[in-house]
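Proteins get letters first, then strands, A, B, ... in listed order; numbering begins at 1 in each. The figures here come from the full heavy-atom set of this structure, side chains too, leaving out hydrogens, waters and symmetry mates. None of the values given here were measured: they were computed from a predicted structure.
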Amino acid sequence: MLDIKFIRENKDIVASGAKKKRVEIDLDKLLTLDDERLKMLKEVEDLRGEINRVSNDISRDQDGAHKMQLIEEMRLVKEDIKAREEKLKAVMENWQKLMLLVPNIPSPDTPEGKDESENVVIRQWGEKPKFDFEPKDHEDLGKNLGIIDKETAAEVAGARFTYLKGDLVLMQFALINFLLGILTDKETLEKIIKDKNLNVSPKPFVPVIPPFMVKPNVYLKMARLYPTEDKYYIPSDDIYLVGSAEHTLGPMHMNHIFDEAKMPVRYVGYSPAFRREAGTYGKDTKGILRVHQFEKLELETFCLPENSLQEQEFLIAIQEYFLQALGLSYEVMMICTGDMGKPDYRQIDINTWMPGQNAYRETHTSDLIASFQPRRLNTKVKRLDGKVELVHMNDATICAMGRTLIAIMENYQQADGSIKIPEILRSYMGGKEFIK
RNA sequence: GGAAACGUGGCUGAGCGGUUGAAGGCACUGGUUUCGAAAACCAGCAUCGGGGCAACUCGAUCGAGAGUUCAAAUCUCUCCGUUUCCGCCA
């Protein structure tokens, strides 16, 4: 959520930001409503002030008759307040509805564009592998090796579910262990920072296994509740399944004020991501690229406002370090205004080469949220000089398991249908060199 | 699932329906003292919103919401959460 004061004073910036994001929003209506809201609020507050003052007089007044008169007067004022509050409540409801629709403004370096076709590749790394045979896609590879079973999953849970089995499961845990090793190691982080010439703290990430379900009101505060069609909901308990660890990592510090000395605060969360994939019928139906449930390691960090852009660059640097360690070719893509998330200030995705798809496909995203979520979550920082302000938040994928496994399978496939295991993962898989 | 207790500021912990936004302690900040530090002493120290150049001022907030009252941290109801005991369970 944006600050209403900021919206009032920077109407043009907010309006053009929304327009660039292709979000329809009637700011004039919001501002008119806001004027009304402030006027009514002032009237109610003044009346309440009167009651407070007179009530104090009443408590000190010894004269019985005068006291009864004051009490009667205040009873009338109270009724007046009640009536005014009714009206104020109606205005507030409309006001809030409109406020929730206002998207975050995009950063100055975000390219303007209507949809994903106008995203801009800002750099590319690595060579696409050359095969002296016709490369298969991961579904065929996985089926033949007996490590991916969609058919049984479809019978048991439905379409877009999978059984991962055997060495593929070991590989998933190898990825997790490898990454947790990096993310909790100050020296590795220092090296990444130095290589990219970044100006951020090397403070390690705290591993977290967060709740996999989230209350509706908390989801709303994360600005991730809508569209609800894409979320799994359990009516009997009025609760949603998370679509990412971000959804329950972000609210870890709701209504909290950090000390500046403790910043930044960094977490790496492991959780499944549940997605209904509404509206994607017929899209990516082959393999496990798009499924209802996949596991993910997700980064979530809280930092000082002036450091948040560097923090995002840092998270991207870690993503690239990871893909380079796996030897996978990728492209870093600046997401354009029309394709980026509503709460995002700046969004950068990484697409990894997948030979079976003959395309770079999205494996990572990083969202610089700035103060958009913190304003709703009420997460702040007390500066050294005593001032309190909103923190900035960043979140980023570090490893979406399914898609990373796809990339490894398709890039490391051999002519005989086996899969070579990337060297960095072998020590976590009993020294094994191939899945076959 | 059954029973009970409890939710107050960064922490701890008082709080009779009426100058209580909240005693006391700890922590923190500034000052005095010191060569420096500790200790001691003095002072300051919640957040949000409105108005004002400012000093300041008005309102809201004692888990959340609703209610009773001229007046609610204090009384009532609902919800959320925590703790303990019993049951069940990985």
Side-chain angles (χ1 to χ4, degrees), chain A residues 1-9 30-96 98-99 209-222 225 234-240 248 251-263 265 272 302 304-305 371-391:
Chain A
M1 192 147 64
L2 292 179
D3 183 2
I4 182 63
K5 249 198 252 174
F6 179 86
I7 299 175
R8 249 186 274 154
E9 286 159 18
L30 174 62
L31 292 179
T32 308
L33 214 51
D34 192 51
D35 289 341
E36 211 175 320
R37 172 190 141 254
L38 287 179
K39 184 166 156 269
M40 293 170 87
L41 202 59
K42 176 109 173 67
E43 288 167 357
V44 168
E45 283 181 357
D46 286 347
L47 287 174
R48 232 198 292 269
E50 191 188 340
I51 286 190
N52 286 343
R53 263 193 313 280
V54 175
S55 288
N56 275 336
D57 291 345
I58 290 172
S59 71
R60 271 170 298 192
D61 190 354
Q62 298 304 311
D63 177 0
H66 185 49
K67 190 184 243 176
M68 290 313 290
Q69 189 194 333
L70 288 178
I71 288 177
E72 191 48 40
E73 277 173 24
M74 287 309 102
R75 189 171 291 153
L76 292 176
V77 173
K78 203 178 79 173
E79 273 167 30
D80 190 16
I81 290 180
K82 225 171 187 173
R84 286 171 191 275
E85 276 184 331
E86 286 290 307
K87 284 187 212 154
L88 180 60
K89 201 179 158 194
V91 170
M92 282 300 286
E93 270 170 21
N94 281 328
W95 183 86
Q96 255 153 1
L98 285 177
M99 280 297 279
I209 297 178
F212 303 159
M213 298 188 201
V214 60
K215 296 179 183 181
N217 67 321
V218 178
Y219 226 164
L220 187 66
K221 284 179 186 182
M222 284 296 287
L225 179 59
I234 302 175
S236 59
D237 294 279
D238 188 28
I239 203 160
Y240 284 89
T248 42
M252 281 175 79
H253 297 287
M254 275 195 295
N255 302 315
H256 183 254
I257 301 175
F258 291 107
D259 282 328
E260 175 168 350
K262 294 210 177 106
M263 308 305 285
V265 172
F302 302 81
L304 298 174
S371 59
F372 199 81
Q373 288 169 337
R375 183 165 290 108
R376 289 191 200 175
L377 294 166
N378 193 25
T379 302
K380 300 178 177 178
V381 56
K382 186 172 203 165
R383 305 304 298 248
L384 296 176
D385 64 8
K387 286 212 180 79
V388 175
E389 61 182 323
L390 293 168
V391 295

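Using atom P as the reference point in both B/G59 and B/G44, the two lie 23 Å apart (nearest Å). Taking atom C1' in both B/A60 and B/G9, the straight-line distance is 16 Å, to the nearest Å. As rounded to the nearest Å, B/A71 and B/G17 have C1' atoms that lie 8 Å from one another. Taking atom C1' in both B/C79 and B/A27, the straight-line distance is 35 Å, to the nearest Å. Spacing of C1' atoms, B/A64 relative to B/G10, comes out at 22 Å, to the nearest Å. One C1' atom belongs to B/U8, the other to B/U47, and the distance between them is 15 Å to the nearest Å. B/U69 and B/C28 are spaced 48 Å apart, taking the P atom of each and rounding to whole Å. If you take atom P in B/G87 and the same atom in B/A3, they sit 15 Å apart, rounded to whole Å.
For B/C28, the paired base is B/G44 (Watson-Crick or G-U wobble, both distances below 3.5 Å). In a base pair of the Watson-Crick type (N1 to N3 plus N6-O4 or O6-N4) or a G-U wobble (N1-O2 and O6-N3), with each distance short of 3.5 Å, B/C77 is matched with B/G65. Using N1 to N3 plus N6-O4 or O6-N4 for Watson-Crick, or N1-O2 and O6-N3 for G-U wobble, each under 3.5 Å, B/U19 pairs with nothing. In this structure, B/A55 makes no Watson-Crick or G-U wobble pair, since no nucleotide meets both defining distances under 3.5 angstrom. Checking B/C85 for Watson-Crick or G-U wobble geometry (two distances, each under 3.5 Å) identifies B/G2 as its partner. Pairing for B/A72 is absent, with no Watson-Crick or G-U wobble pair whose two atom distances lie under 3.5 Å.
Inter-residue side-chain proximity for A/Met254 and A/Val218 is flagged as met; some heavy-atom pair is nearer than 4.5 Å.
For the pair A/Lys39 NZ and B/G49 C1', the interatomic distance rounds to 18 Å; values are reported in whole Å. To the nearest angstrom, P of B/C11 lies 14 Å from CZ of A/Phe258. Distance A/Arg376 CZ to B/C48 P: 19 Å, rounded to the nearest Å. We find that NE2 of A/His256 is positioned 11 Å from C1' of B/C11, with the value rounded to whole Å. Atom CG in A/Asp35 sits roughly 13 Å away from atom C1' in B/G50 (whole-Å rounding). Atom CD of A/Glu260 and atom P of B/G10 are 18 Å apart (whole Å). As a whole-Å value, the separation of A/Asp259 CG from B/U29 C1' is 12 Å. Whole-Å rounding puts the A/Asp237 CG to B/G81 C1' distance at 16 Å.
The two atoms that bring A/Arg376 and A/Leu220 nearest to each other are NH1-O, 2.6 Å, heavy atoms only. Across A/Lys215 and A/Ile239, no two heavy atoms sit closer than the pair N-CG1, 4.2 Å. The nearest pair of heavy atoms linking A/Ile257 to A/Lys382 is CG2-N, 3.7 Å.
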Practice item. Quick one, give me the B/S/- string for nucleotides 54-72 of chain B, reading 5' to 3', where B means a protein heavy atom under 4.0 Å from the base and S means that only happens at the primed atoms, P, OP1 or OP2. Key: ----SSS-------SBBS-

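A salt bridge is absent between A/Glu45 and A/Arg48: the closest approach of a Lys/Arg side-chain nitrogen to an acidic carboxylate oxygen does not fall below 4.0 angstrom. With respect to A/Asp46 and A/Lys42, a salt bridge is recorded, a charged nitrogen being found less than 4.0 Å from a carboxylate O.
Here A/Lys262 lies out of heavy-atom contact (under 4.0 Å) with every strand. Backbone-only engagement by A/Arg8 is indicated by non-hydrogen atom pairs under 4.0 Å involving sugar-phosphate atoms exclusively. Within 4.0 Å (heavy atoms only), A/Val388 reaches sugar-phosphate atoms of the nucleic acid but no base atom.
Nearest-nucleotide positions on RNA chain B place A/Ile4 closer to the 5' end than the other of A/Ile4 and A/Lys215.
For A/Met99, the side-chain contact (heavy atoms from CB on, under 4.5 Å) partners two or more places apart in sequence, or in a different chain, are A/Met1, A/Ile4, A/Ile7, A/Leu30, A/Trp95.
The aromatic rings of A/His256 and A/His253 sit tilted relative to each other, their planes meeting at an angle between 30° and 60°.
Enclosure of atom CD in A/Glu86 is not indicated, since only 12 or fewer non-hydrogen atoms of other residues, nucleotides or ligands lie within 6.0 angstrom.
Close to B/G50, at under 4.0 Å from its OP1 or OP2, lies a side-chain N or O of A/Lys5.
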